[in-house]
Number of protein chains: 2
Amino acid sequence: MTKRFVDDCVATREILSLIGDKWSVMVIVNLGDGAVRFSDLKRAIEGISQRMLTLTLRGLESDGLVSRTVFPTTPPRVDYALTKLGRTLLDPVTELAIWAQRHRPEIQRAREAFQRASAPK
Amino acid sequence: MTKRFVDDCVATREILSLIGDKWSVMVIVNLGDGAVRFSDLKRAIEGISQRMLTLTLRGLESDGLVSRTVFPTTPPRVDYALTKLGRTLLDPVTELAIWAQRHRPEIQRAREAFQRASAPK
DNA sequence: CGGAATCCGCAAAGATACTG
DNA sequence: CAGTATCTTTGCGGATTCCG
């Protein structure tokens, strides 16, 4: 095993810790088309709680992937958008998405086969 | 937001649940060059416990990404390798790794800036 | 509207010991 | 060597409440 693989590994682990959580990818994909405000984002991502959306956005913001813009109106309005850095992540994530789509049935079959093999009774 | 994005999203979430955990990527990368036996794998992946390595390998095996070969010798020997499906995942993962390598300093700087901004005291 | 603060349950992960 | 079994700990994520 080469040194490069090890480095890739560590770096990949690092970025997986950025977007490997339950909601980050959903947020990134939803911001792919442009700025979206908090409440719209919450509606768009089914099942997410207010707290997790806030936490996820804070995380992405701290990593420089998402920007936050506050409009001091009443009621207040906050827009979120991908930064330039965040948009560059869109491509690799899409690659993964394509892989996932393409091999989903294969994985499904493998899982069923594994189930049968481990619990034949 | 298009329907396609939503689907990609779900599919990506699915595959992130395969390899988004703490150790799977490490294992996949380490198997990139060919079959590796359990104890060598454990040595190669610093910090992993015997239990987590076992669980991770079982998970990857059940998804059809990794194959397990037992040699009935004494002492026993077990080799793990990427399946054909597992090898196809190597490319997208490498893409992500390259992205991670390239943007690591940028992310690092963003984090430090965010820290300073949120706790200026 | 867009949060922050608090409490809590559960599952993932770690440590340790034992086994074919 | 390559696991399994058991216990403990950690921390993510959900629900709820309160605030500017």
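In what follows, every chain begins at residue 1, and chains take the letters A, B, ... in the order their sequences are listed.
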_Checking B/R111 now: which residues fulfil side chain to side chain donor-acceptor pair (under 3.5 Å) with it, not counting sequence neighbours?_
A/D63
*Just by modelled atom types, is the B/M26 backbone N or O under 3.5 Å from a matching donor or acceptor in the A/R13 side chain?*
no
*Would a distance-only check, ignoring hydrogens and angles, find a side-chain to backbone donor-acceptor pair under 3.5 Å from A/D40 to A/V36?*
no
*Find the distance B/L53:CG to D/dG3:C1' and express it as a whole number of Å.*
10 Å
*With sequence neighbours left out, write down each residue that passes salt bridge (Lys or Arg N to Asp or Glu O under 4.0 Å) with B/D79, or none if nothing qualifies.*
B/R77
*Applying salt bridge (Lys or Arg N to Asp or Glu O under 4.0 Å), name anything that partners A/D21, two or more places apart in sequence or on another chain.*
none
*Name all residues meeting the side-chain contact (heavy atoms from CB on, under 4.5 Å) criterion together with A/A113; count only those two or more places apart in sequence or in a different chain, and write none if there are none.*
A/R116
_Main-chain N/O of B/L53 paired to B/K42 side chain as donor or acceptor, under 3.5 Å_ = no
*Should we count CZ of A/R58 as having more than 12 external heavy atoms under 6.0 Å?*
yes
*When you check every protein heavy atom under 4.0 Å of nucleotides 14-20 of chain D, what one-letter string (B, S, -) results, 5' to 3'?*
BB----B
*Taking only residues two or more places apart in sequence, or in another chain, which ones meet A/S49 in a side-chain contact (heavy atoms from CB on, under 4.5 Å)?*
A/R51, A/M52
_As a test of understanding, state which of A/L57, A/L60, A/T69 forms a side chain to side chain contact (heavy atoms under 4.5 Å, CB included) with A/Y80._
A/L57
_Those residues of residues 55-69 of chain A lying under 4.0 Å from DNA chain C by at least one heavy atom_ = A/R58, A/R68
*asked:* For chain B and DNA chain C, what are the first and last nucleotides along the strand, 5' to 3', with at least one atom under 4.0 angstrom from a heavy atom of the protein chain?
replied: C/dA13 to C/dG20
*Please give the angle, rounded to 10 degrees, between the axes at the start and the end of the helix from C/dC1-D/dG20 to C/dG20-D/dC1, where five pairs define each axis.*
50°
N/O donor to acceptor pairs below 3.5 angstrom from side-chain atoms of residues 82-89 of chain A, sequence neighbours left out:
unit_1: A/T83; atom_1: OG1; unit_2: A/G64; atom_2: O; d: 2.6
unit_1: A/T83; atom_1: OG1; unit_2: A/L65; atom_2: O; d: 3.2
unit_1: A/T83; atom_1: OG1; unit_2: A/L85; atom_2: N; d: 3.4
unit_1: A/T83; atom_1: OG1; unit_2: A/G86; atom_2: N; d: 3.0
unit_1: A/R87; atom_1: NH1; unit_2: A/L82; atom_2: O; d: 3.2
unit_1: A/T88; atom_1: OG1; unit_2: A/L85; atom_2: O; d: 2.5
unit_1: A/T88; atom_1: OG1; unit_2: B/W99; atom_2: NE1; d: 3.0

*Could you tell me whether the phosphate oxygens of D/dC1, OP1 or OP2, come under 4.0 Å of any side-chain nitrogen or oxygen in B/Y80?*
no
*Not counting sequence neighbours, which residues clear side chain to side chain donor-acceptor pair (under 3.5 Å) with A/D91? List them please.*
none
*Pairing residues for B/R68 by the salt bridge (Lys or Arg N to Asp or Glu O under 4.0 Å) criterion, not counting sequence neighbours*: none
